**Student:** 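This is the structure, below, for whatever I ask next.
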Protein chains: 2
Amino acid sequence: MDTSFTEENYLKAIYHLSADESKQVNTNQIATVLNTKAASVTDMLKKLSGKNLINYERYQGVELTGLGKTIALKIIRKHRLWEYFLVEKLAFGWDEVHDLAEQLEHIQSTELTDRLDEFLGFPKYDPHGDPIPDQSGTIKCAEMKSIAVLKAGNAGIISGIKEHSSSFLQYLEKMDLKIGKKIAVEEIIPFDETVVLRTENGEKINVSKAAAKYILIQDEQL
Amino acid sequence: MDTSFTEENYLKAIYHLSADESKQVNTNQIATVLNTKAASVTDMLKKLSGKNLINYERYQGVELTGLGKTIALKIIRKHRLWEYFLVEKLAFGWDEVHDLAEQLEHIQSTELTDRLDEFLGFPKYDPHGDPIPDQSGTIKCAEMKSIAVLKAGNAGIISGIKEHSSSFLQYLEKMDLKIGKKIAVEEIIPFDETVVLRTENGEKINVSKAAAKYILIQDEQL
DNA sequence: TGTTATTTTTAGACTAATCTAAATTAAATA
DNA sequence: TATTTAATTTAGATTAGTCTAAAAATAACA
């Protein structure tokens, strides 16, 4: 199966949209995230449907087929491995690597992907805490919850984020909230639901409700 | 200046063709190396000319402008740095990396290129012995001569090749002729001009006239 | 349920890169 | 120099991906 740069971007977008909502994805949603027009999306959906990469019926939205999902996961695997490479080996900031990984993820070579994986020591998570699919496309799906739902006394490791805008990434940078950091919730201030976090070295960090929603923690990374 | 994937491939092809012959490059030559048709080349030449990347007059062949040469050298820099990465870090064979580097060379980011360069330790030569242009596009142009023109007693370091087909690369692999290897010409057998090489550890390697033409040596690598 | 609003699709056109086939120019040769 | 040959360019068509504007289907709501 031969997929173009553009087709791959559509598959990836559909994957991400259906992962968030785990159901049919709409034409307009796709148009929005890909910065294109609904008419263009419809054209591409017909093409992808013809290649058996998606199930599509007019006006009913789409979902990926098994094959489409496999391809999407391969691209996501490449994206996250390259992000890891850029941050760990080339010392890029985690807020700088997304656009580069968007280019690198389309390099065609399973051999290259697997050797890169090995070179990096088979990492399980990318710099944003997102899990990296393995060769077979399997994702280690750790339980993650937003710190906005925690109560005082709860603790865990910052493991992921639900918002990837560079303004949010820079906010995290400023607050010194990094993936892998161990934190505990000290209290939640009733007035505006500010979450007060305490780190291992005693540092205190105040996080607004708005930001807390987008920060995910889990009990222990494998 | 914004150049497409395809435009970049044309610029690179023109650069290589004019480096070999240091003069005007013909439409048909370009069509041959890019595996396309003369008519397509003509169209693209008009486009590149309009962008001031080449000097072009109908029926008279082309040459790169300063700007065109700068862009070509940037692509070649990226190509050779990625080849070095693939061989030195990911343990690919030097005969396996060309097609991958053809893809990677089009990744757009000066920052990435420069950081990769640093990560690799600012290598001067790629795995095939070709010089890697620096940030400013300058090439360290060491004197290299074919071992076919040497006489008995001459010595040097294998530094480059003039033929990049994978059959030739595999031949070199078999003969254990690697870039960086110190060799001396022991004798040239008059009958068929076979070149007898002696390596540092006393190994004797017989190279046919046909192969000798494509193997380059220099006195000392910097 | 009927009407309005929203979403999605179709129709037709555009750009970049390519092609084939025919026409033109330059080079080679008699 | 005239004629043949080879190289190059033009003309017109094709494909992938995109767009705008208009039509069709669905959803929302009075």
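Both backbone and side-chain heavy atoms feed into the values below; hydrogens, waters and symmetry mates do not. Reminder, nothing fancy here: chain letters follow the sequence lines and each chain counts from 1. Please read these numbers as outputs of a predicted model, since none were measured by experiment.
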**Student:** Taking the side chain as everything from C-beta on, heavy atoms only, tell me whether Val41(B) gets closer than 4.5 Å to Tyr10(B).
**Tutor:** yes
**Student:** Given atom CD of Glu7(B) and atom P of dT18(C), what is their separation to the nearest angstrom?
**Tutor:** 10 Å
**Student:** Below the 4.0 Å mark, does dC19(D) have OP1 or OP2 next to a side-chain nitrogen or oxygen of Ser40(A)?
**Tutor:** yes
**Student:** Taking CG from Leu48(A) and P from dT18(D), how many angstroms apart are they, rounded to a whole number?
**Tutor:** 11 Å
**Student:** For Ile30(B) and dA7(D), what is the distance between atoms CD1 and C1' respectively, to the nearest whole Å?
**Tutor:** 13 Å
**Student:** Taking all non-hydrogen atoms of both residues into account, name the closest pair between Tyr84(B) and Tyr125(B) and its distance.
**Tutor:** CD1-O, 3.5 Å
**Student:** I'd like to check the side chain to side chain contact (heavy atoms under 4.5 Å, CB included) partners of Ser167(B); sequence neighbours left out, ordered by chain and number.
**Tutor:** Ser165(B)
**Student:** Could you give the CE-to-P distance, from Met44(A) to dT15(D), as a whole number of Å?
**Tutor:** 16 Å
**Student:** dA16(D) P sits how many Å from Asp43(A) CG, rounded?
**Tutor:** 12 Å
**Student:** Looking at Lys37(B), does any N or O in its side chain come under 4.0 Å of the phosphate oxygens OP1/OP2 on dT18(C)?
**Tutor:** no
**Student:** Does Tyr10(B) reach a base, just sugar-phosphate, or nothing at all? Heavy atoms under 4.0 Å.
**Tutor:** sugar-phosphate
**Student:** Taking 4.0 Å as the cut-off, does a side-chain nitrogen or oxygen of Thr6(B) come that near to OP1 or OP2 on dA16(C)?
**Tutor:** no
**Student:** Looking at His128(B) versus His164(B), is the centre-to-centre ring distance below 6.0 Å?
**Tutor:** yes
**Student:** Write out all pairs satisfying salt bridge (Lys or Arg N to Asp or Glu O under 4.0 Å) with one or both partners inside residues 92-105 of chain A, taking only residues at least two apart or from two chains.
**Tutor:** Lys12(A)-Glu102(A), Lys12(A)-Glu105(A)
**Student:** Classify every nucleotide of nucleotides 2-9 of chain C by which part a protein heavy atom approaches to under 4.0 Å, writing B for the base, S for the sugar-phosphate alone and - for neither, in 5'-to-3' order.
**Tutor:** -----SBB
**Student:** Nearest heavy-atom pair of Thr3(B) and Lys51(B): which atoms, and what distance?
**Tutor:** CA-NZ, 4.5 Å
